[in-house]
Amino acid sequence: MLELDDLTLRLGGLTLAEGLKLTLQPGQLHAIIGPNGTGKTSLLRALFGELPLAQGQVRLDGRPMVPRTLVAWRQAIGYMPQNTQLELDLSVLEVVVLGRLQRLSMRLSDDDLAAALGALQALDLAHLADRAMHTLSGGQRQMVLFAQVLLRQPRLMLLDEPVSALDLKHQMQLMEHLQAQTVQQDWISVAVLHDLNLAAQFADQLIVLGEGRLLAFGPPAQVLSAELIQRLYQVPVDVRHDLDGQPFVRTLRAEARFRQ
Ligand SMILES: Nc1ncnc2c1ncn2[C@@H]1O[C@H](COP(=O)(O)OP(=O)(O)OP(=O)(O)O)[C@@H](O)[C@H]1O
Ligand SMILES: [Mg+2]
């Protein structure tokens, strides 16, 4: 499990998270939601060891994150950053296979190549294998980077807005794949999502960040209320529940509010 123990993050004079206490369980998909600029990316960067903690501790399966052993810490993590710029002149297959290598100088085995091709096939991307990465569309690039983190077979999966460039079909494909693999491989998965309905559909737990702290943590059906969403985003919404009790959120336009 991943434990955040009294974690505080500060950046540019701002407190992004104050005394965060959370325990994330393996086999579960956690969605981080919250407004722009609340510290979702910063939290993932902190968990990856890229942003120093102002206070507190992070432990993965009981082992604390310490600067001295950051290289080993990161080997257990699949991290897909927001807005990745890949300037390297690499093919799709080369980018995916990098997920397997700890160093660029490592030799590729047949097994690594087969795993990379397998990941591309699983996501219907095999036809892109030989294309240069910089010739892909934004959505295609995002899917390829997802294939790359899958190949790491991480203990902890950190995905920062992994579906931001994807059409409906690919959003579902990525989330279904992530959810199934999280259960099968017992990953601790964390994805930042802005789409509240996608989060409600796929996440076991929601981590709600806002106002410089953790505002709520728990299953979507318990956490997603109209009050919370309006408080977070200052947008009027209607929250309904389907027959399974799963919430779905609809924004209300000014005219609709007037008619109510
Ligand atoms: N390198 C930096 N130096 C100073 N301030 C920063 C830096 N990076 C981010 N910030 C600030 O920290 C706050 C949190 O940023 P962060 O990127 O974590 O937000 P976010 O929740 O991921 O937002 P978004 O939904 O827009 O991606 C923002 O107010 C941002 O302006
Ligand atoms: Mg962000």
Side-chain angles (χ1 to χ4, degrees), residues 2 4-22 24 29-58 65 67 70 73-74 77-87 138-139 141-146 148-149 154 156-167 170-171 174-175 178 188-203 205-218 220 223-224 228-237 249 251:
L2 181 74
L4 283 59
D5 189 0
D6 200 22
L7 192 75
T8 296
L9 298 180
R10 294 205 179 86
L11 191 55
L14 278 177
T15 298
L16 299 177
E18 180 84 63
L20 210 60
K21 277 191 205 301
L22 274 177
L24 311 191
L29 176 51
H30 308 76
I32 304 183
I33 63 168
N36 293 135
T38 40
K40 303 178 298 296
T41 293
S42 304
L43 178 58
L44 292 199
R45 288 183 58 217
L47 297 177
F48 191 58
E50 258 186 17
L51 185 72
L53 315 180
Q55 183 190 304
Q57 207 183 49
V58 181
M65 175 172 74
L70 264 190
W73 176 267
R74 286 179 181 159
I77 300 178
Y79 177 40
M80 182 172 162
Q82 191 175 2
N83 306 324
T84 320
Q85 299 290 345
L86 259 188
E87 304 298 339
R141 243 191 321 258
Q142 201 163 29
M143 288 298 284
V144 169
L145 292 173
F146 178 62
Q148 186 194 57
V149 288
L156 173 62
M157 187 65 117
L158 303 174
L159 306 173
D160 200 346
E161 297 194 31
V163 299
S164 59
L166 301 184
D167 67 27
H170 290 107
Q171 287 182 28
L174 187 149
M175 292 304 296
L178 174 64
I188 303 163
S189 292
V190 185
V192 175
L193 297 173
H194 278 302
D195 183 334
L196 301 178
N197 287 318
L198 206 60
Q201 235 180 341
F202 284 98
Q205 310 286 342
L206 293 185
I207 299 169
V208 185
L209 293 185
E211 302 165 16
R213 60 196 179 83
L214 179 71
L215 285 183
F217 177 70
V223 165
L224 269 191
L228 178 80
I229 297 166
Q230 283 167 196
R231 178 174 164 192
L232 274 176
Y233 302 103
Q234 287 93 50
V235 170
V237 293
V249 179
T251 48

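Just follow the structure's listing: the first ligand is 1, and inside any ligand the first atom is 1.
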Student: Please state which protein non-hydrogen atom is closest to atom 11 (C) of ligand 1 and give its distance, to 0.1 Å?
Tutor: L11 CD2, 4.2 Å
Student: Does R74 count as lying over the ring of F48, i.e. NZ or CZ under 6.0 Å from the six-ring centre, within 45 degrees of the axis?
Tutor: yes
Student: Heavy-atom contacts with L14 under 4.0 Å: which atoms of ligand 1 show up? List them by number with element.
Tutor: 29 (O)
Student: Within less than 2.8 Å of the Mg ion (ligand 2), any N, O or S from N36?
Tutor: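 Not a single backbone or side-chain N, O or S atom of N36 is under 2.8 Å from the Mg ion (ligand 2).
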Student: Describe, in one word, how the ring planes of H30 and F217 are oriented to each other, choosing from parallel (under 30°), tilted (30 to 60°) and perpendicular (over 60°).
Tutor: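 Answer is parallel, since the angle falls under 30°.
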Student: Give the residue, atom name and distance (to 0.1 Å) of the protein heavy atom nearest atom 16 (P) of ligand 1.
Tutor: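 Heavy-atom neighbour on the protein nearest atom 16 (P) of ligand 1: S42 OG, 3.6 Å.
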Student: Can you find an N/O atom of R45 closer than 3.5 Å to an N/O atom of ligand 1?
Tutor: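 No: no nitrogen or oxygen of R45 is under 3.5 Å from one in ligand 1.
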Student: For atom 6 (C) of ligand 1, is the nearest protein heavy atom under 4.0 Å away?
Tutor: yes
Student: If we set the cut-off at 4.0 Å for heavy atoms, which region of E161 has an atom near ligand 1: side chain, backbone, both, or neither?
Tutor: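 It is the side chain that touches ligand 1; the backbone stays farther off.
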Student: Short list, please: which atoms of ligand 1 are under 4.0 Å from a heavy atom of Q82?
Tutor: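 Heavy-atom distances to Q82 below 4.0 Å select 27 (O).
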Student: Could you check atom 26 (O) of ligand 1 against the protein and tell me its nearest heavy-atom contact, residue, atom and distance included?
Tutor: N36 ND2, 3.1 Å
Student: Taking the non-hydrogen atoms of G39, is any one of them nearer than 4.0 angstrom to ligand 1?
Tutor: yes
Student: For D6 and Q55, does a side-chain donor sit closer than 3.5 Å to a side-chain acceptor?
Tutor: yes
Student: Tell me the protein heavy atom at minimum distance from atom 25 (O) of ligand 1, and give that distance in Å.
Tutor: K40 NZ, 2.7 Å
Student: May I ask you to test the V58-D5 pair for a side-chain heavy-atom distance under 4.5 Å?
Tutor: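 V58 does not reach D5 side chain to side chain.
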Student: Answer side chain, backbone, both or neither: which part of V192 comes under 4.0 Å from ligand 1, heavy atoms only.
Tutor: neither
Student: Considering only NZ, NE, NH1 and NH2 on the basic side and carboxylate oxygens on the acidic side, decide whether K40 and D160 come within less than 4.0 Å.
Tutor: no
Student: Considering only heavy atoms from C-beta outward, does the side chain of L43 approach that of L20 to under 4.5 Å?
Tutor: yes
Student: At less than 4.0 angstrom from any non-hydrogen atom of H194, what atoms of ligand 1 do you find?
Tutor: 25 (O)
Student: Using heavy-atom distances, let me know which of A17, G37, G212 sits nearest atom 14 (C) of ligand 1.
Tutor: G37
Student: Side chains of T41 and V192: closer than 4.5 Å at any heavy-atom pair?
Tutor: no
Student: Would you say atom 1 (N) of ligand 1 makes contact with the protein, given that contact here means a non-hydrogen protein atom less than 4.0 Å away?
Tutor: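 Within 4.0 Å: no protein heavy atom nearby.
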Student: Nearest 0.5 Å, what's the OG-CG distance between S189 and L156?
Tutor: 8.0 Å
Student: I want to check something: taking the side chain as every heavy atom from C-beta on, are M175 and V163 in contact at a cut-off of under 4.5 Å?
Tutor: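 Sidechains of V163 and M175: in contact.
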Student: Is atom 31 (O) of ligand 1 less than 4.0 angstrom from some protein heavy atom?
Tutor: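 So atom 31 (O) of ligand 1 lacks protein heavy-atom neighbours under 4.0 Å.
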Student: Looking only at protein heavy atoms, which one is nearest to atom 17 (O) of ligand 1, and what is the separation?
Tutor: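 The answer is T41 CB, 3.5 Å.
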Student: Using a distance threshold of 2.8 Å, state whether an N, O or S atom of Q82 lies below it from the Mg ion (ligand 2).
Tutor: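 It does: Q82 brings an N, O or S atom closer than 2.8 Å to the Mg ion (ligand 2).
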Student: Side chains of Q142 and S164: any donor to acceptor distance under 3.5 Å?
Tutor: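 Yes, side-chain donor-acceptor contact under 3.5 Å.
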Student: Check this for me: does any side-chain nitrogen of one of E211 and R231 sit under 4.0 Å from a carboxylate oxygen of the other?
Tutor: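 Yes.
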